[in-house]
Amino acid sequence: MSRIDNIKEWFESYVASFCKEEADFTAKVLLKKKHTLLVLENIINLAKSIDLDQDNSELAECCAILHDVGRFEQVKRYNSFSDSKTINHALLGVEIIEELNVLKEYSEEEKALILSAIEKHNMLEIPKISNADEEILVKLLRDADKLDIYRVVTSYYTELKRNSNQGIELELPDKPAITKKIYDSLMKEKAVNYKYLETLADFKLLQMSWVFDINFKKSYKIIYDKDYINTIYETMSKTDEVIEVHRKVKIFLENNL
Ligand SMILES: [Fe+2]
């Protein structure tokens, strides 16, 4: 079996080991498993769109499969996916991967690249990276992840009979109020920091602000074609601020197609 097949097999059995508890818990685990498999699809797509070489494409696949490994232990320990209330799931994932020696078939150099991408996948901004291969992996993983989170949240917000899913809403109150700092970030075309979130409306604006933190043309095109920004906007109360922010995001997206 190839290295990447071994990683996939390891992931399957690792996730299965969390599926023994009650149904509610297993549903949360399976939500993250599905997310991971779709991030994998996205990253393969994005890598193709930039003609990434075979070796780096394989590393990108490995990053996608392992990027949210920390989520399973996070929800088991804290019954929450809120990093700000519990633990940084990316760093927890890196710890687990090292502890369980998941990357034993990879060289030290490759391991460093993969772990760096996982560690940086949920940072507010990408820090300075001097290694070009590492930078590409980090950017691919961040875009592939955001594209799938757009799928998750838009289908959730538009569900007809929506049962409140705290795993997706991060336990935020469903109020239309917008926090000033969040509005300000968006108007400056900056991605919003999770620490300022107070309401579900804030969270929706945070998701819109990701267009300012997208790295590849193909990603902009997918966001546009799937109408993710308008879909989120349509679920919000149309206050002046929300209308203004939506216009800003929409124009930015269109200018990057
Ligand atoms: Fe993540």
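All figures in this text were calculated on a predicted structure; none of them were measured in a lab. Each ligand, and each atom within it, is numbered from 1 in the order the structure gives. The figures here come from the full heavy-atom set of this structure, side chains too, leaving out hydrogens, waters and symmetry mates.
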- Message: For the residue pair Lys204 / Thr235, report whether a side-chain donor-acceptor contact shorter than 3.5 Å exists.
- Response: yes
- Item | Atoms of the protein (N/O/S only) found under 2.8 Å from the Fe ion (ligand 1) | Asp68 OD1, His89 NE2, His121 NE2
- Would you verify whether the NZ or CZ of Lys32 falls within 45 degrees of the ring axis of Phe81 while also being under 6.0 Å from that six-membered ring's centre? yes
- If you link ILVMFWY side chains whenever their heavy atoms are less than 4.5 Å apart, which other residues fall into the same cluster as Ile126? By chain and number, please. Ile129, Val138
- Query: For Lys188, which residues count as a salt bridge (Lys or Arg N to Asp or Glu O under 4.0 Å) partner, sequence neighbours excluded?
  - Reply: none
- Task: Return the set of residues passing salt bridge (Lys or Arg N to Asp or Glu O under 4.0 Å) with Asp51 (not counting sequence neighbours), or none when no residue passes.
- Result: none
- Message: Counting C-beta onward and ignoring hydrogens, is there a side-chain heavy-atom pair between His246 and Ile229 closer than 4.5 Å?
- Response: yes
